[in-house]
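Keep in mind that the numbers below use all heavy atoms, side chains included, and drop hydrogens, waters and symmetry copies. The sequence lines fix the lettering, A, B, ..., with proteins before strands; numbering per chain opens at 1.
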Protein chains: 2
Amino acid sequence: MEKDLKHLRKDYVKHHLTEEEAGFDPYRLFDLWFSEAQKSEPEATAMVLSTCGDRPHSRVVLLKEVRDREFVFFSNYNSHKGRDIELNPHVSLLFFWHSLERQIRIDGIAMKVSHIESDNYFYSRPVESQIGAIASAQSDVISGRKELEDRILELSEYFRHHPIVRPEHWGGYAVRPEVFEFWQGRPSRLHDRIQFSRTDMGWKRERLSP
Amino acid sequence: MEKDLKHLRKDYVKHHLTEEEAGFDPYRLFDLWFSEAQKSEPEATAMVLSTCGDRPHSRVVLLKEVRDREFVFFSNYNSHKGRDIELNPHVSLLFFWHSLERQIRIDGIAMKVSHIESDNYFYSRPVESQIGAIASAQSDVISGRKELEDRILELSEYFRHHPIVRPEHWGGYAVRPEVFEFWQGRPSRLHDRIQFSRTDMGWKRERLSP
């Protein structure tokens with residue numbers, strides 16, 4: 001499978017990002033860009049979570065909440081990402097919104113949320129998703145789709161007569177940002193990149209070379 | 001900026017991925033999915049590159065070629081990603097194609113391509129992009145947009161009378177995959193995940209729990 005894509009070339013021309021627009025609060029700018037993305041993107045909450053035990057791994061997860069200035073998502077704590085975070089709590093989050101030619105990168109530290117917070121979200125999900133979370137040992141090898149479906153059937157039957165309880169190994173992570181980078185595509189690859197870094201004195205804002 | 005997105009909930013229903021469809025060659029399956037993505041995605045070549053010096057970092061780069069079973073992109077070797085790869089050549093690539101409810105993850109080793117290959121691509125780019133690559137010390141802090149634009153003007157003037165030469169620190173990386181994971185969204189979070197891992201005996205195929 002050889003594939004030459006070098007002729008594909010597109011200039012980014014829709015927006016720009018000045019220091020004035022960026023302001024001094026990365027949360028305010030995130031809020032602004034996220035609100036615009038919700039109007040033009042099919043799934044604005046999709047973000048790429050990158051973790052690194054000994055080597056980098058990434059996957060899409062869904063942003064479920066921003067509270068106390070932390071970004072919250074949910075997962076199986078025994079999954080590959082959970083094991084990576086156990087080894088190294090430094091993670092990165094990335095939003096790429098092609099319709100706006102924008103990217104937001106967040107580097108931060110992931111911490112488990114409280115049991116109460118995990119419970120609250122778990123029980124708000126549809127019963128099928130609750131059972132799915134119980135049935136699936138995330139990232140483990142299974143013999144085939146049938147093994148999963150049999151397990152779901154079995155558990156669905158069981159939970160007709162028993163209360164569903166959130167498994168201990170399923171819950172939320174909250175990411176506390178250390179660095180935000182806002183990237184706005186511009187013509188001839190001369191993109192606007194504004195970075196905010198957390199310091200003892202508040203957020204430091206800098207423009208990066210594209 | 002508090003933001004509660006927990007009510008947003010979408011089932012993935014468009015496709016499935018059986019072992020029969022997956023086959024035994026991850027490149028064949030990549031080719032198939034990529035061809036479909038080129039029809040339905042605005043920028044199918046966009047992939048998230050994750051690197052990890054001591055902590056994970058990710059950003060979107062564009063896939064420029066698949067040749068010799070390696071995935072090629074170009075960058076400034078002195079950029080943050082370049083320095084990360086110098087420290088740790090293990091990288092991950094991620095394609096997320098929302099229109100197809102599909103994700104492909106590739107874990108592999110990044111190596112610099114030959115000078116000839118970097119030259120060939122560099123000189124195929126528009127002059128503005130060539131000058132942009134020379135003007136920009138990627139990821140370095142700059143005083144403002146004006147610093148960049150002044151430098152571009154200066155270089156554009158200079159290169160009216162001098163040949164443009166690819167800077168040594170600009171070139172390609174080729175990623176040799178060790179693991180592919182093909183993820184197809186399915187209802188109730190019971191997604192199809194088929195993983196191929198490189199072994200001495202060829203590619204090992206396994207289904208992962210969602």
Counting only heavy atoms closer than 4.5 Å, note whether [X] contacts chain A via side chain, backbone, both or neither.
{"X": "B:A133", "result": "neither"}
{"X": "B:I194", "result": "neither"}
{"X": "B:H98", "result": "side chain"}
{"X": "B:R145", "result": "both"}
{"X": "B:L148", "result": "side chain"}
{"X": "B:H191", "result": "backbone"}
{"X": "B:N88", "result": "side chain"}
{"X": "B:E2", "result": "both"}

Which of the residues [options] is involved in the greatest number of heavy-atom pairs with chain A at under 4.5 angstrom?
{"options": "B:Q195, B:E43, B:E147, B:R67", "result": "B:E43"}
{"options": "B:R59, B:R69, B:E19", "result": "B:R59"}
{"options": "B:H16, B:E181, B:R125", "result": "B:R125"}
{"options": "B:V60, B:D4, B:V48", "result": "B:V60"}
{"options": "B:Y121, B:Y27, B:F74", "result": "B:Y121"}
{"options": "B:C52, B:P56, B:S124", "result": "B:P56"}

Going through the distances and angles, do A:F182 and A:W33 end up as a ring-ring contact (aromatic ring centres under 6.0 Å, His included)? CA-CA 9 Å; A:F182 295 85; A:W33 279 22; 5.4 Å; yes

Name the option with the most non-hydrogen atom pairs under 4.5 Å to chain B; the candidates are [options].
{"options": "A:S143, A:S99, A:A46, A:S139", "result": "A:S139"}
{"options": "A:P126, A:A135, A:P89", "result": "A:P126"}
{"options": "A:Q138, A:E206, A:K10", "result": "A:Q138"}
{"options": "A:S92, A:S209, A:P210", "result": "A:S209"}
{"options": "A:V66, A:D140, A:V179, A:I131", "result": "A:V66"}
{"options": "A:H7, A:Q38, A:R9", "result": "A:R9"}

Salt bridge check: are [X] and [Y] linked by an N-O gap of less than 4.0 Å?
{"X": "A:E128", "Y": "B:R189", "result": "no"}
{"X": "B:R207", "Y": "B:D192", "result": "yes"}
{"X": "B:R176", "Y": "B:E178", "result": "yes"}
{"X": "A:E154", "Y": "A:R151", "result": "yes"}
{"X": "A:E65", "Y": "B:K3", "result": "no"}

Keeping the roles fixed (side chain from B:Q130, backbone from B:R166), state whether a donor-acceptor pair exists under 3.5 Å. no

Whether the side chain of B:Y77 engages the backbone of B:G172 through a donor-acceptor N/O pair (distance < 3.5 Å, no angle test) should be reported. yes

Indicate whether the side chain of B:S75 and that of B:K81 have a donor and an acceptor atom separated by less than 3.5 Å. yes

State yes or no: are the ring centers of A:F180 and A:F196 separated by less than 6.0 Å? no

Measure centre to centre between the rings of A:F95 and A:W183, then say whether the value is under 6.0 Å. no

Only one of A:E21, A:R102, A:H15 passes side chain to side chain donor-acceptor pair (under 3.5 Å) with A:Q184, and that residue is A:R102

Please classify the contact of A:R105 with chain B as side chain, backbone, both or neither, using a heavy-atom distance under 4.5 Å. side chain

Atom group of A:D107 that falls short of 4.5 Å from chain B, counting heavy atoms: side chain

Any heavy-atom pair between the side chains of B:L100 and B:K14 that's under 4.5 Å? no

